[in-house]
Amino acid sequence: MERLELANQRQATETAVNRVNSAHKKIQQRMDSQEPFTVKAAHRLNEMYQVCLNALEREQRLVQELVVQIDHTKHMNDEKKRKRPEEKRVTKKPKTDNDIYSQGQQVAARVSTEWIIATVIAYVADKNKYEVEDADDETHKRYLMSPKYLQPIASDKELITHEFPAQHQVLALYPASTCFYKATVVMPPSATGKSVYIVQFDDDGGFERSVDIRMVLDFPQEE
């Protein structure tokens, strides 16, 4: 949920910056009209600057914390790679019941407690698992995943033939991130008139957000 918290903070920072910019436009308009810049207006502008500064500082702290976490995870992952023997990897698809993912295909992958966008790199035959790569531009980490922890992402909107109804529980890609979170459908594409769902994410303050139809998946049943 760290990425979700950072995405929310970025939105709060953007809102604060927009308020400051809007205030400056109003001040300029009043100056053009030769209206006085009052002490009250100066105090209000100063308060907006303080809110904006606090938001920027909090966003910076969250980024630093996430960088530290990523570095730590990368270090641990590198240590594991050094300790385990090289595994046989093949690029052709497996001849099993799990013959459903091909090289280069986008999938949703469950890593620990989070679902992320990933790309299939190869099928590891002797493990009956897939090697996938995180779509995050900063990490590009790779994982060895059991097929039960993967969900396919349609390569084209036109290939999607079903629709989740309102109130259905789904996994949806949080805007401006590479992570999927549990959400509830508010409006399906047939209601929005576009290739998007309107959803409400859990623990997101009740905000309604637009998500591309390809990035809304059925919520998996608890094991």
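Remember, predicted model here, so these are calculated numbers, not experimental data.
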Atom pair [atom1] ([X]) and [atom2] ([Y]), whose distance is rounded to the nearest 0.5 Å:
X    : Y    : atom1 : atom2 : answer
R19  : E14  : CZ    : CD    : 14.0 Å
R214 : I117 : CZ    : CD1   : 8.0 Å
R209 : L173 : CZ    : CG    : 12.0 Å
Y149 : K129 : OH    : NZ    : 9.0 Å
C179 : D136 : SG    : CG    : 7.5 Å

Side-chain touch [X]/[Y], heavy atoms, less than 4.5 angstrom:
X    : Y    : answer
V170 : F180 : no
C52  : L56  : yes
Q151 : V107 : no
Q106 : S155 : no
V124 : L144 : yes
R142 : D134 : no
K194 : I213 : no
Y197 : P188 : yes

Is it true that the side chains of D204 and Y181 contain a donor and an acceptor less than 3.5 Å apart? no
Is the closest side-chain donor-acceptor distance between N54 and Q50 under 3.5 Å? yes
Is the backbone N or O of [Y] less than 3.5 Å from a side-chain atom of [X], with the two atoms forming a donor-acceptor pair by type?
X    : Y    : answer
S112 : E114 : no
S22  : N18  : no
Y101 : A122 : no
Q105 : T119 : no

Could you pull out the closest heavy-atom pair between [X] and [Y], with the gap in Å?
X    : Y    : result
A55  : T13  : O-OG1, 3.4 Å
L217 : A108 : CD1-CB, 3.5 Å
M145 : A109 : CE-CB, 4.3 Å

Residue of the set T184, D202, D218 for which side chain to side chain donor-acceptor pair (under 3.5 Å) holds with Q169: T184
Taking [Y] as the starting point, is it possible to reach [X] by hopping between hydrophobic residues whose side chains are less than 4.5 Å apart?
X    : Y    : answer
V185 : V196 : no
M48  : L53  : no
V216 : M187 : no
F207 : V211 : no

Indicate, with yes or no, if the rings of Y174 and F201 have centres closer together than 6.0 Å. yes
How are the rings of H162 and F164 set to each other: parallel, tilted or perpendicular (split at 30° and 60°)? perpendicular
Is the Lys NZ or Arg CZ of K182 less than 6.0 Å from the centre of F219's six-membered ring, within 45° of the axis? yes
So that I can tick it off, tell me whether K157 and D212 are bridged by a salt bridge, with the cut-off set at under 4.0 angstrom between side-chain N and carboxylate O. yes
